[in-house]
Every structure is written in C-alpha cells, then in structure tokens.
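Below: one structure, written as structure tokens.
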There are 2 protein chains.
Amino acid sequence: MQVTPELLSAFPSLKPLPAATLARLAQESLVRKFARRGVVLTAGVREEFVCFLFEGRLQGVDFTIDGREVGLYFVEPGDFCGELGMFDHGPQPEFVIALTAVVTVFVPMESLRQVTFEHPMLLKLLGERLAARVRQLTRQRSLLGLPNISQRVCCQLWMLVPEDARQNLNASVINNPPTHMEIAIMLNLSRETVSRVFQILQTRQIVRRDGTSLLHVSDTPTLKRLAEGSEEL
Amino acid sequence: MQVTPELLSAFPSLKPLPAATLARLAQESLVRKFARRGVVLTAGVREEFVCFLFEGRLQGVDFTIDGREVGLYFVEPGDFCGELGMFDHGPQPEFVIALTAVVTVFVPMESLRQVTFEHPMLLKLLGERLAARVRQLTRQRSLLGLPNISQRVCCQLWMLVPEDARQNLNASVINNPPTHMEIAIMLNLSRETVSRVFQILQTRQIVRRDGTSLLHVSDTPTLKRLAEGSEEL
DNA sequence: CTGGCTAAGTGACCACAATCACATAATAGC
DNA sequence: GCTATTATGTGATTGTGGTCACTTAGCCAG
C-alpha cells in the first residue's frame, strides 16, 4: 500500500523532518497491517525495517529457555520498535506481537540511516528514544521486585492510563487493553492471579470493562494509591 | 588524581580516539576510588560524568516503591556506566554501587559530547553500547521468567563465567564474585535461597569458593547444562 | 590475639501464588 | 443466526520459596 508523507509526519519522531525527506522516505516505506496475534517482528532475525505503529497495540515478548512467554514492553500508537539494529546492525532481540489488529508503517533501516547523516536531529531523536527504552525496561524490572502482587498489577495498569488522566486524576479509558494473559507475562504472574486482582478492582468499582476493547478507569485516585502502595487492596 | 591518556586508552571504547583527543579528555577527567559499598552514581541526579570502570565490579541497583532492593546489571572492568544522560540529558535512572573496592575514571559528559561532534565514531560506539545495554536488560528479564529457581541461579552464574571458559568448557575462576545477597536481588530471590543453591553446587563439586574474592568453576559443562535446563539440580 | 562485623549456612514454619480443572462469558468466523 | 475459539471467572489443592531465627565462618582493624 502507498505511504504518503502526511502519514509519516503523523509520527512525532519523523514530523520535524523536511517535506522532501519525508517524501523520499514515504516512497520506500510500506504500510503493513497485521491481525491480532500476528508476528510483527521476529526475534533473532536481522530485520531491515523500523516498525512505526499507527493504530493498535503491540507487545515485545521473549521466551525463556524452557519456552515460557515473557512480556517486555507495550508499544502505543505513534511510537516505533525494532530500531536496535539501527545502532549495532545486530539481530532483533525479541518478538513483537500484535495485541490487536494493527496498522504499521515499515521504514527501511538503510534509508533511515541515510537520513541520519543529513539530519543529525534524527540521530539525536533515535538516541533519546533508545534512552527512553532503557528507562522503561528499568522501571518494568523494578516492578517485578514488588512482593505484593496486586500492587504489581495496579502499577502496570497505572502505566497504561493516559498521561493526562494520570496528572489530573480524572476518569479515563484505556483503549485496547491487554488481556489478563498479556498482563500476566509482563508481571511474572499466572493468568488466574491477574484475573482475581481484576475481579477485586471491578467489585470495588475502580475499573469497569466495556466490551473487549475498552477499560474504564473510574476511580483514578484509588488506583494511584494502590499502585503506590499507600493503600492495600 | 592525575589521569594519563594511556589510562584512558585502556578502555576499548576510547582507544580508537587520536592521542591529542585523549590527552584533552585526560586533563578533564578524574580518577575516583570507592570502597566496597560506595555509591558511585546516584539515582535521580543529573550526573555530569560517564563512569569508566578500571578495576573491580559495579552493580546497577534500583529500589521498588516499598524500598526493596533490585539488581539490574553488573559492570565489568573496561566497561562504563552512567552514559544515559549523554543521549537525553535526563537524570541517572538507577544507583550504581561498588561491589568491591574499585578504581574508576570519571569523564565529563560535556567533554565527551564535544568529542562526539569531532569523531562520529565515538557516537557510533556509544550507540552500540546503549544497544548492548538494551540487549542485556532484555536477557536479564527473560531470566526472571524461569520458574525453576536453581536454573535461574545457574544462568546468572554462567553469565559471570569468563568468555573463553564458556566457549571451551574448561575450568575457570570468577574474580570478585558477587555475594549471595547481590545475586539474590538480581534474580528476585531471597539470600537464603541463593545460599541453598550454592550449597548444592558446592557439594556436587561444580563450583568451589576460595576466600572471598575467588570462585572456581570446576565443572563447567555441568554448569552449562544446568543453566540451559537440560539437567536438573 | 581478640572483638566486631559482614557473609554464609540451615532448620522450621507457613503464606501465597501456581497449577489443575472446570464453568461461563464474550467474540469472531461462517 | 449458530458454532468454534478465545478470554475470563473460580474453587480446591499443593509445592515452593519467603521469612524468621539462629548458628557458623571468614575477614579486618586495633
């Protein structure tokens, strides 16, 4: 499918680039759609594209030696993944799976590398992005240190709450929330345990499910306190 | 203490730089020694130095909301840490603690930034290094997914075994091995549990302690099988 | 040599999350 | 619509690692 420069400029990391550059990148990029559960990036392979997420939600996952699934991070629309090879030409370290039907734009790494020569600004952006990834992985690792299981779930949920709702503590909606299983592998928990925590959260009217693609966060202040551990579930 | 260009060129990441550049960097750098348990880098602070490790072993640690210690990574001699701010000017995300008495070289970030303009090669190196950090964090995260506790410990031990011994499966020595506690926080385990696993490893003559600063790995092939899960402890 | 301190070893106990085994929704596909 | 499939809810059971409470060993300073 055809990629327009306008589509590319929808991504904050590409937006600052001049129109001409975007036009060139657009020509070499391709829109790829994946169904739920589709494998967007494969671990161990030298992917030659950076994957920009336009719509839906992705999850980076790895597998332990004994085949157990491990959740690493979520990717939200506007963000991208698979950029590690930009820096070291190494293989993609983890799988990236579509949690919902997704629309992505694949931009060839080699073209992006070209652009970084002409526009160091992009290089800077990529560096900042990678740094952000390290910070995120670190935060997620700390989460796993929490001995209290419901706090762990609430923290993870908290990170999915939209930015402005986290600030103003107003009610909000999480779009395409991960399934219990997908949350479980992020937190080293069993699916059942996550289910039980959600059960309590729903009974206490802190969150409310609305179909499969919406999760209402009604009582944001309480969720915050639960995530911070100042209140027990 | 005075830093010589020769000292700087002992670090693989700086070695390729021209002598003149190294001389300038050396002038602005400082040697800092820390005792065991010394705080080398502080979380939340905008550290204005990249810390190169000359001798000893460092550990990146974070704390959960409820004050529990979490181990993130080890730093070996020749490597460096605290470079995240080079990319995004953000604060240091985690603490870095000296596990042994250490000798470090602190190079001012601003000087390093200057050098990256003149020598894009350094920029490339830093990028590769950051990518390596992401790969390492990812691997460590997968480790935590292992349901079998002794396998987790053996995997971690395996990563501490010198490169060539891992290749050739010959006996080797781990210098300044982390304490049980330090391993425990890396693996989300209690100190006692790590102690019990080591007890079995020693009884089965797979490893042998030799004072506080040496750990002999006698049966490398078995350790490898234990780490891979093809053998149970 | 002798305290003092930190690291490591070990048993007893038990809370708690994993697992198993289902039931029941809720979707998606036809 | 109806069926197949995936997601979720829930009880019963149990294994396992955490915690506690010590002891023992090793190391360093004076």
Side-chain angles (χ1 to χ4, degrees), chain A residues 34-38 57 59 64 66-71 97-101 144-153 157 176-204 207-215 232-233, chain B residues 35-38 57 59 64 66-71 97-101 144-153 157 174 176-204 207-215 232-233:
Chain A
F34 294 86
R36 184 171 160 68
R37 298 257 163 279
R57 192 193 301 273
Q59 182 175 37
T64 60
D66 64 334
R68 187 169 296 243
E69 210 177 359
V70 173
I97 308 286
L99 296 189
T100 65
L144 294 181
L146 286 173
N148 184 322
I149 255 60
S150 19
Q151 192 182 356
R152 225 143 90 192
V153 176
L157 208 48
N176 296 317
T179 67
H180 293 177
M181 189 61 197
E182 285 147 8
I183 293 175
I185 61 167
M186 294 284 289
L187 300 175
N188 261 10
L189 294 175
S190 71
R191 202 252 322 150
E192 290 91 330
T193 301
V194 175
S195 190
R196 286 185 240 265
V197 173
F198 264 85
Q199 215 45 31
I200 303 175
L201 286 176
Q202 268 153 208
T203 311
R204 291 195 40 188
V207 303
R208 182 169 52 84
R209 298 195 61 214
D210 180 1
T212 196
S213 62
L214 290 177
L215 183 75
E232 284 271 324
L233 202 58
Chain B
R36 183 173 160 68
R37 298 256 163 278
R57 193 194 302 273
Q59 183 176 36
T64 59
D66 65 333
R68 188 168 295 242
E69 211 178 356
V70 173
I97 309 285
L99 295 188
T100 66
L144 294 181
L146 287 173
N148 183 323
I149 256 60
S150 20
Q151 193 182 357
R152 224 140 94 192
V153 176
L157 209 47
I174 297 173
N176 296 318
T179 66
H180 293 177
M181 189 61 199
E182 285 148 8
I183 294 175
I185 60 168
M186 293 285 290
L187 300 175
N188 259 12
L189 294 175
S190 72
R191 202 250 324 149
E192 291 90 332
T193 302
V194 175
S195 192
R196 287 184 240 265
V197 173
F198 265 83
Q199 216 43 33
I200 303 175
L201 287 176
Q202 268 154 208
T203 311
R204 290 194 42 187
V207 303
R208 180 168 53 82
R209 298 193 60 214
D210 179 2
T212 194
S213 62
L214 290 177
L215 185 75
E232 283 270 327
L233 201 59

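When reading the values below, keep in mind they use all heavy atoms of this one structure, side chains included, and skip hydrogens, waters and symmetry mates. Every chain is numbered from 1 and lettered A, B, ... according to where its sequence line falls, protein lines coming before strand lines.
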What nucleic acid atoms does [X] come within less than 4.0 Å of, heavy atoms only: base, sugar-phosphate, or nothing?
X        : value
A:Glu182 : nothing
B:Arg152 : nothing
B:Asn188 : sugar-phosphate

Using the rule given for side-chain contact (heavy atoms from CB on, under 4.5 Å), can you reason through B:Arg152 versus B:Val197, listing the C-alpha separation, both sets of side-chain angles and the distance that settles it, and then say yes or no?
CA-CA 10 Å; B:Arg152 224 140 94 192; B:Val197 173; over 6 Å; no
Open item on the list: So, using side chain to side chain donor-acceptor pair (under 3.5 Å) as the criterion, who are the partners of B:Thr179 when residues are at least two apart?
Closed with: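 With neighbours one apart ignored, the set is B:Glu182.
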Closest-nucleotide 5' rank along DNA chain D - winner of B:Ser190 and B:Gly211
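Counting from the 5' end, the first nearest nucleotide belongs to B:Ser190.
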Review point. How do A:Pro147 and A:Thr179 order along DNA chain D: which one's closest nucleotide is nearer the 5' end?
Key: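 Between the two, 5'-proximity favours A:Thr179.
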Contact interval (first through last nucleotide) of DNA chain C with protein chain A, 4.0 Å heavy-atom:
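First-to-last contact on DNA chain C, by the 4.0 Å heavy-atom rule, is C:dA17 to C:dT27.
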Taking all heavy atoms of [X] and all of [Y], pick out the closest pair and write down the distance.
X        : Y        : answer
B:Val70  : A:Gly145 : CG2-CA, 4.1 Å
B:Gln59  : B:Gly71  : NE2-CA, 4.0 Å
A:Ala98  : A:Ala35  : CB-O, 3.6 Å
B:Arg204 : B:Leu233 : NH1-CD1, 3.9 Å

If the helix axis at each end comes from five base pairs, how far does the helix from C:dC1-D:dG30 to C:dC30-D:dG1 deviate from straight, to 10°?
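Nearest ten degrees gives 60° for this helix.
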On DNA chain D, which is the earliest and which the latest nucleotide, 5' to 3', with an atom closer than 4.0 Å to a heavy atom of chain B?
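In short, chain B contacts DNA chain D from D:dG17 to D:dC27.
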> Is a side-chain donor or acceptor of A:Asn188 paired with a backbone partner of A:Leu144 at a separation under 3.5 angstrom?
Replying inline: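 The answer is no, because no donor-acceptor pair under 3.5 Å joins these two groups.
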Would the distance check show the side chain of A:Arg36 and the main-chain N or O of A:Ala101 forming a donor-acceptor pair, the cut-off being under 3.5 Å?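 No, the answer is negative, given that no donor and acceptor are paired below the 3.5 Å cut-off.
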Worksheet entry | Nearest-nucleotide 5' precedence on DNA chain C, A:Arg36 against B:Arg36 |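 Comparing both residues, the 5'-ward one is B:Arg36.
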_On DNA chain C, compare the nucleotides closest to A:Asn148 and A:Thr212; which residue's is nearer the 5' end?_
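Of the two residues, A:Asn148 wins.
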In residues 191-198 of chain A, what residues come within less than 4.0 Å of DNA chain D, judged by heavy atoms?
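Those residues are A:Arg191, A:Glu192, A:Ser195, A:Arg196.
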- Query: Step by step, would you call A:Gln202 with A:Val207 a side-chain contact (heavy atoms from CB on, under 4.5 Å)?
  - Reply: CA-CA 5 Å; A:Gln202 268 153 208; A:Val207 303; 4.0 Å; yes
Take A:Arg191 and A:Val194 through the test side-chain contact (heavy atoms from CB on, under 4.5 Å) and record every step on the way to the result. CA-CA 5 Å; A:Arg191 202 252 322 150; A:Val194 175; 6.0 Å; no
Would you compute the distance between atom CG of B:Leu189 and atom CE of B:Met181 and round it to the nearest 0.5 angstrom?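 Rounded to the nearest 0.5 Å, the CG-CE separation comes out at 10.5 Å.
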Could you walk me through whether A:Leu187 and A:Thr193 pass side-chain contact (heavy atoms from CB on, under 4.5 Å), step by step?
-> CA-CA 11 Å; A:Leu187 300 175; A:Thr193 301; over 6 Å; no
- Apply side chain to side chain contact (heavy atoms under 4.5 Å, CB included) to A:Asp66 and list each qualifying residue two or more places apart in sequence or on a separate chain.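 Counting only residues at least two positions away or on another chain, A:Asp66 forms a side chain to side chain contact (heavy atoms under 4.5 Å, CB included) with A:Thr64, A:Arg68, B:Leu146, B:Pro147.
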